[in-house]
There are 2 protein chains.
Amino acid sequence: MGDIAKKAGRPINPEAGEALRSAALRLVREEGYEKVSISAIVKEAGVARQTLYNRWDTKAELVLEAVFEETARQAAPPTDDRDLPYARLLADFLQRIFAHLERDGDTMRALIAAAQQDPSFGNAFHQKFVAPREAMVTDLLRRAQAAGQLDPARDADLLSQLIHGALWYRLLNDKPVDADFACQVVAEVFRTEMSSGN
Amino acid sequence: MGDIAKKAGRPINPEAGEALRSAALRLVREEGYEKVSISAIVKEAGVARQTLYNRWDTKAELVLEAVFEETARQAAPPTDDRDLPYARLLADFLQRIFAHLERDGDTMRALIAAAQQDPSFGNAFHQKFVAPREAMVTDLLRRAQAAGQLDPARDADLLSQLIHGALWYRLLNDKPVDADFACQVVAEVFRTEMSSGN
DNA sequence: TTACATAATAGACTGCCGTCCATCTATCAA
DNA sequence: TTGATAGATGGACGGCAGTCTATTATGTAA
């Protein structure tokens, strides 16, 4: 019953897709997104050109999927079950994102750029990557408001956009995106509440 | 004496450069940055391919210069000589930028993307476009602090990055960047000072 | 078995990019 | 006038993208 209805025709070869994902990730990390050509990926994976295009429309979609396999866990939503103040939870969450950027920041820059040039990929990128992270921060801020740690009059959506915006702005302008910056942002967001008990 | 020392050799033809700038601007506005090829620009301008490469290294540099001619005035630093509150000056400045984005926002998105893919253009873009605007906002915030309209303990650099980051974030994610948003951002930045007289 | 459907492959094809080259043209200096 | 310098031009070139086609491989259903 767990079986998926089998289709007619030759079945897809999972190894080809896996070879393409891992080849893409390896090449992109070694040489940088821009320098890796589609031709190089299929050559490295040992499959035909068309086999890549059967699965993905663009290099960006392939690389997004390849990076996502490794990083989905690292962007897990901030846990809520302990008694830590929300300012601290936000700082931890941002630092986890930033740690990931140390490895794949250049690739993420390239994917953000690709999202501007290809509306179709832009939609996929926003849906799979941008929106979930924005929602995580918005939710966290709302819970902070419910817990009395953030003024309920503040606009959580706007704050989330300011936070992510600052992150993107620094990433796209080659400025360090590190734990220190995370603390600065959190301090600014929770500024007026910092005096009272955390 | 005002003459620039004349060099040997055939002088540069200013008309060729002007034809390339205006052809590039017209094509990019009509068809969108991505769809305009270098070949199409030189064809439209009626010059040889190499003539373009004699002046610019990439399409991005040409388009940046072409757009800049028209928009430099619109991004003039916020005036300071009147008695308006700084919150109002910041809102006016942001709205002027946003008005420009209504016309060339798609092109700016494309240039931001190009800056990620080409480090050399990234430097030029940052120097000619990003840094000046960031400095304008930072200066304005510092003057607001000096005038007692913004808490001097706040980090003006960080605030400027939050503001521009939010702008970029919305631009790059296809969300409206309008006067309404400008007011929201300003209200958040000047939040704690709004109760006192503006 | 046979018919059918779909994946995988190799290769051809067009279009654009960025570079290179030979040639022509415009200006200055001697 | 002559030679040197440098911009402008058209054309050629190799590399990659994305599409297409013919062929082969691998499965299901009758």
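Remember, it's a predicted structure, so these values are computed and weren't measured experimentally.
Between the side chains of A/Arg154 and A/Gln145, no donor-acceptor pair is found at a separation under 3.5 Å.
Contacts classified as side-chain hydrogen bond (donor to acceptor under 3.5 Å, both in side chains) and involving residues 116-125 of chain A (residues at least two apart or in different chains) are given here: A/Gln116-B/Arg109, A/Gln117-B/Gln117. Listed by first and then second residue, the salt bridge (Lys or Arg N to Asp or Glu O under 4.0 Å) pairs involving residues 52-67 of chain B are B/Arg21-B/Glu65 (not counting sequence neighbours).
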Table of protein N/O atoms under 3.5 Å from nucleotides 3-5 of chain C N/O atoms:
none

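Atom CD of A/Glu15 is surrounded by 12 or fewer heavy atoms from other residues, nucleotides or ligands within 6.0 Å. The environment of NZ in A/Lys175 is crowded: more than 12 heavy-atom neighbours from other residues, nucleotides or ligands sit within 6.0 Å.
Expressed to the nearest 0.5 Å, how far CG of B/Asn173 lies from CH2 of A/Trp168 amounts to 4.0 Å. Note that CG of B/Leu141 and CG of B/Leu158 are 10.5 Å apart. Values are rounded to the nearest 0.5 Å.
Recorded end-axis angle for the helix from C/dT1-D/dA30 to C/dA30-D/dT1 stands at 0°, based on five pairs per end and rounded to 10 degrees.
The closest donor-acceptor contact from the side chain of A/His164 to the backbone of A/Ser160 lies under 3.5 Å.
For A/Arg142, the salt bridge (Lys or Arg N to Asp or Glu O under 4.0 Å) partners are A/Asp157, not counting sequence neighbours. With sequence neighbours excluded, no residue forms a salt bridge (Lys or Arg N to Asp or Glu O under 4.0 Å) with B/Asp178. For A/Glu44, the salt bridge (Lys or Arg N to Asp or Glu O under 4.0 Å) test picks out A/Arg26, with sequence neighbours left out. Judged as a ring-ring contact (aromatic ring centres under 6.0 Å, His included), and not counting sequence neighbours, the contacts of A/Phe121 are A/Phe125.
Criterion: ILVMFWY side-chain heavy atoms under 4.5 Å apart, direct or through other members. Under it, A/Leu84 and A/Val185 are part of a common hydrophobic cluster. The hydrophobic clustering, which links ILVMFWY residues whose side-chain heavy atoms are closer than 4.5 Å, places B/Leu20 and B/Ile12 apart.
Nucleotides of DNA chain D with any atom under 4.0 Å from a heavy atom of chain A span, from 5' to 3', D/dC16 to D/dT28.
Within residues 15-35 of chain A, no residue approaches DNA chain D, by heavy-atom distance under 4.0 Å. Applying a 4.0 Å cut-off to non-hydrogen atoms, the residues of residues 41-58 of chain A that approach DNA chain D are A/Arg49, A/Gln50, A/Tyr53, listed by residue number. In the region residues 107-128 of chain B, proximity to DNA chain C at under 4.0 angstrom, judged on heavy atoms, holds for none of the residues.
Looking at B/Tyr33 and B/Leu111, their side chains come closer than 4.5 Å, going by heavy atoms from C-beta outward. No side-chain heavy atom of B/Asn13 sits under 4.5 Å from any side-chain heavy atom of B/Thr51. For the pair B/Leu52/B/Val47, no side-chain contact is recorded, criterion being any heavy-atom separation below 4.5 Å from C-beta on.
As a whole-Å value, the separation of A/Asn13 CG from C/dT9 P is 7 Å.
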